[in-house]
2 protein chains.
Amino acid sequence: MALPRSIQTRLLPCARRSPSLGYVPNRAARSLASQQSHAIALVVPEDTTRFFGDVYFASIVAGINDRLEQSDYVLTLMVADHAPQGKMLRYLAGGAVDGVVVVSHHTFDTSLSRIGQMLPMVFGGRSGLQGVDGWVVDVDNVDGAVTATQRLVDRGCTNIATISGPLSMQSALDRVEGWRSTLQEAGLTPGPVIDGDYSVIGGARAARELIETYPEVDGVFVASDLMTSGAMPVFLDRGYAIPDDVKIVGYDDSPAAKSCEVPLTTVRQPSVEMGREMADILLDVLAGNSDRQRTTVLPTRLVERESA
Amino acid sequence: MALPRSIQTRLLPCARRSPSLGYVPNRAARSLASQQSHAIALVVPEDTTRFFGDVYFASIVAGINDRLEQSDYVLTLMVADHAPQGKMLRYLAGGAVDGVVVVSHHTFDTSLSRIGQMLPMVFGGRSGLQGVDGWVVDVDNVDGAVTATQRLVDRGCTNIATISGPLSMQSALDRVEGWRSTLQEAGLTPGPVIDGDYSVIGGARAARELIETYPEVDGVFVASDLMTSGAMPVFLDRGYAIPDDVKIVGYDDSPAAKSCEVPLTTVRQPSVEMGREMADILLDVLAGNSDRQRTTVLPTRLVERESA
DNA sequence: GTGAAAGCGCTAACAA
DNA sequence: TTGTTAGCGCTTTCAC
């Protein structure tokens, strides 16, 4: 019987040892034999426009890449329109990656729970997903919203509304909760909560609705800076001076915060650091230290500029 | 001899047939046996900031995803700081993907040439890479620049400069060439060429340098809209009225073009369509039709707004 | 140490 | 049609 196994395997063991000679091992074979792929996936259940439109994601990717550079894992980015579909789930479940980082998860999306049972999974932001014992890296959204809202209260606002993220996201719910509790604490009646979808367009739409339904508004907690980029021009157009007539506090401290018409007072969250931390946890877990702390909460802080 | 092969393989052929029951084939094994991975990579040799900052990439990804949705290939995004390094090259060369799409390639980067000899490769924009017979989807950058520059000439500008992309990119060189040839054709002396690095910051810096060295400028072809976002405020700050004192034509027709202080006259290039076309070619080649036309050139057209 | 061989879970070719 | 089996190119174990 002639050459039962690959010629390369049998005859060129020296070439295999010498990567300098240009030998590259076959990934599928290596992966099949060793049961690991040395790749991790970042899954973002958002459409491309949202993914590219929000610098939050850029920071997360930068942080993950930064940490991964010192490892021999590669990062594959998977942008899934809302819930990952069959093809992508099979990709993840089929062993193409050793672990998964999920950001921007919507509570109604349960498609990832099966994956979470097969692979280590780290969430950026609490997921509200049941039955998956993954890891979570988050900021204290409630606390951040309290800080933001307290600033408005301290500045003398009494008619305080909020433009929130989509209520299918835990972070959005938490920020609304922080806003509401601060107002109750202060003895103020909460104004409207309007969903601005964490987007520029949504922020503008929400601002318009807010002015229609609650013209006496004198303070707004806008739950992301991107929404502020949409909302602020609307207030200015309608003749509200900022911060004189209405005060605004944002969330993220993204580049948009500095380049607004009125520089934005906002809650800074350490996005790059979050990415780095998520990658760090995943790498650690993949190396066998599955006793990593389940939840990591990073601090936020108020960045004071002119809008409030 | 007991159970020589996988129990699953031998005993559960029915389960394997029934994906509805939750069976997911092992990707490494399938890939090893069939010699294909059913994945393609989009390689972007840029840092994360650039990748996320330029909507051009968002459009490309959207186009590719759009086309891939009707296939059973998945897209993995690889953002490589400038030249892809060892880890990523081994990933690509090791058979993790069946084909590669490259955008934003710099002429000095030869790291991909070996990959291009192993896998089908489609470039977004001419690469200037030797020895790789890949496919190219491009717009006619020279022609686009001619259109833009001709607009400035027609509007009566006589001191016409250009803010270019990095001259390590073929698209930047082509646009400079189109600009220069139009001016020569018109009997005008070309003004300075200043590299604005295809970025907002770079555009602002270039505008400052331009005003220093060539204050008589009355027309600028800015080779990307992103650079215009940086350049336009500088002109306005320095007291140049647009379009009265200086006329500006951009390139891309990105969202930035509409939201500039002065709505931007710009050369529209069909980025989403380019992504779709690149994916289409790659899929076609992977299906065995390697006789696809090597170069596809998509049309540009001038979008007239107020800046020129 | 160095070398042979088993087997990872599939696909594809072939036999029944 | 259906069932069997030889690889795919690695890693790992085990014998030398």
Side-chain angles (χ1 to χ4, degrees), chain A residues 1-41 71-74 76 86-99 114-115 117-120 283 286-288, chain B residues 1-41 71-74 76 86-99 114-115 117-120 283 286-288:
Chain A
M1 175 178 163
L3 292 181
R5 292 281 158 177
S6 137
I7 291 179
Q8 187 175 51
T9 303
R10 320 261 314 182
L11 302 184
L12 296 172
C14 51
R16 295 177 58 202
R17 300 279 151 71
S18 148
S20 57
L21 215 74
Y23 172 76
V24 178
N26 179 297
R27 230 180 150 81
R30 173 196 271 264
S31 173
L32 180 58
S34 69
Q35 308 278 39
Q36 47 183 281
S37 62
H38 281 274
I40 72 175
S71 78
D72 55 343
Y73 282 82
V74 295
T76 74
K87 200 165 56 172
M88 188 170 297
L89 290 177
R90 281 199 311 273
Y91 183 84
L92 298 172
V97 298
D98 295 335
R114 223 184 51 213
I115 309 292
Q117 285 153 6
M118 316 179 65
L119 299 174
L283 253 29
L286 291 174
Chain B
M1 173 178 161
L3 291 182
R5 291 281 158 174
S6 137
I7 291 179
Q8 186 176 53
T9 302
R10 318 261 315 183
L11 302 185
L12 296 172
C14 51
R16 296 177 57 203
R17 300 279 151 70
S18 149
S20 56
L21 214 73
Y23 173 76
V24 178
N26 179 298
R27 234 182 145 82
R30 173 197 271 264
S31 172
L32 180 58
S34 69
Q35 309 277 40
Q36 46 183 285
S37 63
H38 281 274
I40 73 175
S71 77
D72 54 345
Y73 282 81
V74 295
T76 74
K87 199 164 58 173
M88 189 171 297
L89 291 177
R90 281 199 309 274
Y91 183 83
L92 298 172
V97 299
D98 295 335
R114 224 184 50 213
I115 309 292
Q117 285 152 7
M118 316 177 67
L119 298 175
L283 254 28
L286 290 174

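A, B, ... follow the sequence lines: proteins, then strands. Residue 1 opens every chain.
B:Ser37 contributes a side-chain N or O that, together with a main-chain N or O of B:Ala96, makes up a donor-acceptor pair within less than 3.5 Å.
For B:Gln117, there are no side-chain hydrogen bond (donor to acceptor under 3.5 Å, both in side chains) partners, not counting sequence neighbours. Evaluation of the side chain to side chain contact (heavy atoms under 4.5 Å, CB included) rule for A:Gln35 yields no partner, not counting sequence neighbours. For B:Asn26, there are no side-chain hydrogen bond (donor to acceptor under 3.5 Å, both in side chains) partners, not counting sequence neighbours.
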Trace of the side-chain contact (heavy atoms from CB on, under 4.5 Å) decision for A:Leu286 with A:Ile40: CA-CA 10 Å; A:Leu286 291 174; A:Ile40 72 175; 4.0 Å; yes
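Within residues 28-38 of chain A, the residues that place at least one heavy atom under 4.0 Å from DNA chain C are, in residue-number order, A:Leu32, A:Ala33, A:Gln35.
Across every non-hydrogen atom of A:Gly95 and A:Ser31, the tightest pair is O-OG, 4.4 Å. Between A:Val74 and A:Arg27, the shortest heavy-atom distance links the atoms CG2-NH2, 4.2 Å.
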Ignoring hydrogens and angles, write down the donor-acceptor pairs under 3.5 Å from the side chains of residues 87-94 of chain B, residues two or more places apart or on other chains.
{"unit_1": "B:Lys87", "atom_1": "NZ", "unit_2": "A:Leu68", "atom_2": "O", "d": "2.8"}
{"unit_1": "B:Lys87", "atom_1": "NZ", "unit_2": "A:Ser71", "atom_2": "O", "d": "3.1"}
{"unit_1": "B:Lys87", "atom_1": "NZ", "unit_2": "A:Tyr73", "atom_2": "O", "d": "3.0"}

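As rounded to whole Å, 15 Å separates atom C1' of D:dC10 from atom CZ of B:Arg90.
The end-to-end axis angle of the helix from C:dG1-D:dC16 to C:dC14-D:dG3, rounded to 10 degrees and based on five pairs per end, is 40°.
Distances shown here put every side-chain N or O of B:Tyr23 at or beyond 4.0 Å from the OP1 or OP2 atom of C:dG9.
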